[in-house]
Number of protein chains: 2
Amino acid sequence: MTKQKSTTIHDIADALGINSSTVSRALNDHPKVSEKTKKKVREMATQLNYRPNVLASNLRTSRSGTIGVIVPFISRYFFSTVIAGIEEEAHKAGYNVLISQSKDRLELEKKNIKTMMDSRVEGILISPALEGTDGQHIQEALDHGVPVFFFDRYHEGIETTKVLMNDRSTAKALGQHLLQEGGTHFLLLTGQMDSSIYRDRAAGIKDALESTGRDWATQVTSQKIPLTVEGGIEAVENSLKKGEVFDVVYAMNDLAAIGAVQALLKAGKKIPEDYMVVGFSNEPTSELIHPSITTVNQSAWTMGKTVTRKLVEQLKDKELSVASETTILKSELVIRTSSSKRNLER
Amino acid sequence: MTKQKSTTIHDIADALGINSSTVSRALNDHPKVSEKTKKKVREMATQLNYRPNVLASNLRTSRSGTIGVIVPFISRYFFSTVIAGIEEEAHKAGYNVLISQSKDRLELEKKNIKTMMDSRVEGILISPALEGTDGQHIQEALDHGVPVFFFDRYHEGIETTKVLMNDRSTAKALGQHLLQEGGTHFLLLTGQMDSSIYRDRAAGIKDALESTGRDWATQVTSQKIPLTVEGGIEAVENSLKKGEVFDVVYAMNDLAAIGAVQALLKAGKKIPEDYMVVGFSNEPTSELIHPSITTVNQSAWTMGKTVTRKLVEQLKDKELSVASETTILKSELVIRTSSSKRNLER
DNA sequence: CTGAAAGCGCTAACAC
DNA sequence: GTGTTAGCGCTTTCAG
């Protein structure tokens, strides 16, 4: 615990008999400092084991070199993977990453944004909480000149950069695939909260039905459930008990799909012969269970990289100030055993 | 993009006709400021929409209010869950959390620590990279007076606080369970890198064998593999091909165990009748696949909370300066179908 | 190309 | 209890 004063640019200046401002310039590679002095300064810096005091530099320039990230849950595979992408890209550009989670609660999200603003983050990347569609607090940050970019989820009516998935069109492709495989009646397992992502995933199925001249009203029943394994089990057991007619379970995420599979197998049904089951998001588990589950792969990592790159660009060139840009990343259909009657070579 | 100057304590002072230092004291709830002025100051602060400039305060106090976290991979379920725990506990204590990943590479880890030291983090929580057993860079941080605490993994020979799992004794319990179930010959799938965690997990099995008077040398064959699903598949296929004798696969993580299960099922073997398979870490998937896999549950979230709480305590009271404290968290055996011949009520 | 000097916003002695 | 004063370490005008 050696609490010795650390070396400053003044120490370097004194040692070299020059002025501290020259040292500052030299270390920042200012163009009009001679190469000779730059070299001297750098050498002395390493010799004295100089480390810049970022805090001081931050105060002076009122830049923190930090970007804030807010996600609902850090430990969700999708989000932690996005974060991994963010972290890589941010570090490459010389930024630190400050992380916090909203737990899908509006209050916590507001508090997080406040803390980040106080910490003078230079920008915020957020996938907003499902609770509440009101983006007041986000708008405020924007008004303070701090760019806030959305990824995966967003609020309508806030003009800013967004990086999203083309869930709707991939959901349509998924729907078409299911129809082709002979699916006729869909059981839709959707989330309890109203969110852009769930709406899109449902809309895609509707698109698919309409594109082949079928009717949503008679071919789809839906249940709002907690999108968990247990939620999926319960929902399917309910539907079976009630004798509802369906031959496809379309769950809005893989966990619920896994639950559906378990419930169906337990009831002695065959997948995909009797029932097809599909999910969304390509959780690692969906590939490993039996039968493996057809799903939609979203490149979370790419999403993190992309939205970070956009933010860094914006920070580099404040004036470019695009009002609102929406980037849609391609998700891809991953067809597996649970929906593929063709090749039953299991 | 309103780039107006934000209000400072001086503005508040001027508006109230008092001195800025009084404002500072009032806002920091200094004991010898009268309640009356405190109230006035606070009201004026909210009225003027004052937000403290953390950067300035940081410089002055040379505290950043930030703790750094370094993990091998953010997106690993175990680590993202630890991080979730860290985040919660840190925020509760008023700290921000700076995150970075080492990708199990020593170089990156060193760089991360440097960056964090430059950012003046007040403490670092790290699960060190598998690459390299040399903790030079960590020792340096400690020597600079920045506490570095280990979680999950650690380096020998560095005196500091650690929060670990009792992997060895749970592995012993796991071993005893397997012996009780009639296991006789173990195929050990271990990681390629030399790391405390893998050593402990293997040592536990040895303990179990010895505790019942059996012999490691004749009852255990082991393979160093990449601890992935593919690694597990390949390893088991190899062993089967070579005709090695074993009736238990003990994988050092769940992914490899899942691979082992897949390879055995594909070869037409029955689990657990012919072969038992066990893993480690309780990945979500291990419960969901068929057969469900016996594993060891490590409370990652608790680990994050615990190590953070220790760090916060240390930061609060610099002088307490415990040289080295090791906390062992209890992991628990989770017995599932893949190792349980008794109740084959599948 | 380099030096002098001011100050970012806040805190902490030290006075009174 | 409150005011005065002096910086924290760095950047950035403005001179020369």
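Side chains are part of it too, since the values below use all heavy atoms of this structure and drop only hydrogens, waters and symmetry mates. So you know, we letter chains A, B, ... as the sequences are listed, proteins then strands, and number each from 1.
- For the salt bridge (charged side-chain N to carboxylate O under 4.0 Å, His left out) test, no residue two or more places apart in sequence or in another chain qualifies with B/E140.
- The pair A/E89-A/K92 meets the salt-bridge criterion, with a side-chain N (NZ, NE, NH1 or NH2) lying under 4.0 Å from an Asp/Glu carboxylate O.
- Pairs of residues two or more places apart, or lying in two chains, that qualify as side chain to side chain donor-acceptor pair (under 3.5 Å) and include a residue from residues 77-87 of chain B are A/Q101-B/E87, B/E87-B/H91.
- Of the N and O atoms on the side chains of A/S21 and A/S24, not one donor lies less than 3.5 Å from an acceptor on the other residue.
- Checked by atom type, the side-chain pair A/S119/B/N96 shows a donor-acceptor distance below 3.5 Å.
- Between the NZ atom of B/K38 and the P atom of D/dG1 there is a distance of 9 Å, rounded to whole Å.
- The pair A/E109-A/R105 does not meet the salt-bridge criterion, since no charged nitrogen lies less than 4.0 angstrom from a carboxylate oxygen.
- In this structure, the CG atom of A/D14 is 15 Å from the C1' atom of D/dC10, given to the nearest Å.
- What separates NE2 of A/H30 from C1' of D/dT12 is a distance of 10 Å, to the nearest Å.
- Per the geometry, CG belonging to B/N58 stands 14 Å off P belonging to D/dG9, to the nearest Å.
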At under 4.0 Å between heavy atoms, how does the protein contact nucleotides 11-16 of chain C? Give one character per nucleotide, 5' to 3', with B, S or -. BBB---
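- In this structure, B/L55 reaches neither bases nor backbone, as no heavy-atom distance under 4.0 Å exists between it and the strands shown.
- Heavy-atom distances to DNA chain D give each of B/P31 and B/L59 a nearest nucleotide, and the one nearer the 5′ end belongs to B/P31.
- Put simply, CG on A/N53 is 15 Å from C1' on C/dG9, counting in whole angstrom units.
- Per the geometry, CG belonging to B/L16 stands 18 Å off P belonging to D/dG1, to the nearest Å.
- Axis orientation changes by 30° from one end of the helix from C/dC1-D/dG16 to C/dC16-D/dG1 to the other, with each end axis drawn from 5 pairs and the value rounded to 10°.
- Considering only residues two or more places apart in sequence or on other chains, A/R25 meets the salt bridge (charged side-chain N to carboxylate O under 4.0 Å, His left out) condition with none of them.
- Remark: P of D/dC10 and CG of A/L27 are 9 Å apart, rounded to the nearest angstrom.
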Only pairs under 3.5 Å count here: list side-chain donor-acceptor contacts from residues 9-16 of chain A, not counting sequence neighbours, and write none if there are none.
{"from": "A/D11", "atom 1": "OD2", "to": "A/T8", "atom 2": "N", "distance (Å)": "2.8"}

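- The distance between atom CD of B/E35 and atom C1' of D/dT2, rounded to the nearest whole Å, is 15 Å.
- Dashed line: the shortest gap from a side-chain N or O of B/S34 to OP1 or OP2 of D/dT2 is under 4.0 Å.
- Residues B/K162 and B/E325 are not paired through a salt bridge, judged by the lack of any N-O separation under 4.0 Å between the basic side chain and the carboxylate.
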